[in-house]
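Because the structure is a prediction, the values reported are computed rather than measured.
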Amino acid sequence: NRVITEIIKSLKADKLLRFTYKAEEITVQPVKLLNFEGKWFLAALVRKDDAYLPGVFELSAVESIRMIDAYKSFNLPEPESSVFLEMIMK
């Protein structure tokens with residue numbers, strides 16, 4: 001699966017990802033892959049204006065994914081998995 005391959009490459013290279021999700025282009029710092037009830041999600045810090053917020057994205061809805069030529073530069077602590085799981089369950 002190309003989406004999972006790009007996410008893993010990005011995690012290993014410490015680079016940001018850009019993709020289309022539900023018709024919106026999004027730039028994220030990937031944190032981890034999560035499986036919940038048989039569905040795969042990307043847990044990430046989402047770049048919104050000058051802030052970085054936790055977000056989750058169901059992989060089946062991710063399109064046009066690519067690693068961008070920018071290193072992770074946020075230097076923010078990564079949220080615990082429970083933060084992302086709570087977002088998935090909402």
Side-chain angles (χ1 to χ4, degrees):
N1 182 312
R2 185 178 184 289
V3 171
I4 291 175
T5 300
E6 282 298 304
I7 293 168
I8 291 170
K9 284 178 16 184
S10 175
L11 286 165
K12 287 181 178 180
D14 284 335
K15 293 211 174 182
L16 302 178
L17 283 172
R18 185 168 292 147
F19 54 85
T20 304
Y21 188 78
K22 298 181 179 177
E24 181 181 350
E25 186 167 89
I26 299 172
T27 300
V28 301
Q29 174 180 314
V31 175
K32 61 182 76 177
L33 289 167
L34 297 171
N35 185 290
F36 182 76
E37 295 184 352
K39 295 180 183 178
W40 284 96
F41 295 84
L42 169 62
L45 295 174
V46 183
R47 184 176 177 180
K48 295 242 184 193
D49 301 319
D50 290 332
Y52 298 92
L53 307 170
V56 290
F57 304 92
E58 189 173 346
L59 297 191
S60 64
V62 171
E63 299 175 2
S64 305
I65 190 168
R66 65 199 176 282
M67 191 168 45
I68 60 173
D69 199 22
Y71 288 95
K72 293 182 188 177
S73 58
F74 319 149
N75 293 324
L76 300 173
E78 294 178 353
E80 296 292 323
S81 292
S82 61
V83 171
F84 295 111
L85 288 173
E86 287 175 18
M87 295 175 78
I88 292 170
M89 291 188 285
K90 286 185 178 180

What's the shortest heavy-atom distance between R66 and E25, and which atoms?
-> NH2-OE2, 3.3 Å
Student check: side-chain heavy atoms of I7 and L59 closer than 4.5 Å | yes
Distance (rounded to the nearest 0.5 Å) between S82 OG and M89 CE | 9.0 Å
Evaluate the criterion side chain to side chain contact (heavy atoms under 4.5 Å, CB included) for residue pair K15 and I68; output intermediate values, then yes/no.
-> CA-CA 7 Å; K15 293 211 174 182; I68 60 173; over 6 Å; no
Main-chain N/O of S64 paired with R18 side-chain donor or acceptor, under 3.5 Å = no
Taking side chain as C-beta onward, heavy atoms only, is L33 less than 4.5 Å from F41?
-> no
Is any side-chain heavy atom of T27 less than 4.5 Å from a side-chain heavy atom of L17?
-> no
Quick one: are V28 and L16 in side-chain contact, heavy atoms under 4.5 Å?
-> no
Report yes or no: does T5 contribute a side-chain atom to a donor-acceptor pair with the main-chain N or O of N1 at less than 3.5 Å?
-> yes
With the side chain counted from C-beta on, respond yes when F19 and L42 share a heavy-atom pair under 4.5 Å apart, and no when they do not.
-> yes
Scanning both residues in full, the closest heavy-atom pair of V46 with I26 reads CG1-CG2, 4.0 Å
Does atom NZ of K32 have more than 12 heavy-atom neighbours, drawn from other residues, nucleotides or ligands, at distances under 6.0 Å?
-> yes
Does the side chain of L53 come within less than 4.5 Å of L45's, by heavy atoms?
-> no
Taking all atoms of both residues into account, what is the closest heavy-atom pair of F57 and A44, and its distance?
-> CE1-CB, 4.3 Å
NZ-CD1 distance between K9 and I4, expressed to the nearest 0.5 angstrom = 14.0 Å
How about W40 and L34: do any of their side-chain heavy atoms sit closer than 4.5 Å?
-> no
Closest heavy-atom pair, M67 versus A13, reported as atoms and distance to 0.1 Å, is SD-CB, 4.1 Å
Could you walk me through whether F36 and L85 pass the side chain to side chain contact (heavy atoms under 4.5 Å, CB included) check?
-> CA-CA 8 Å; F36 182 76; L85 288 173; 4.2 Å; yes
Do Y21 and E58 have side chains that get closer than 4.5 Å, going by heavy atoms?
-> yes
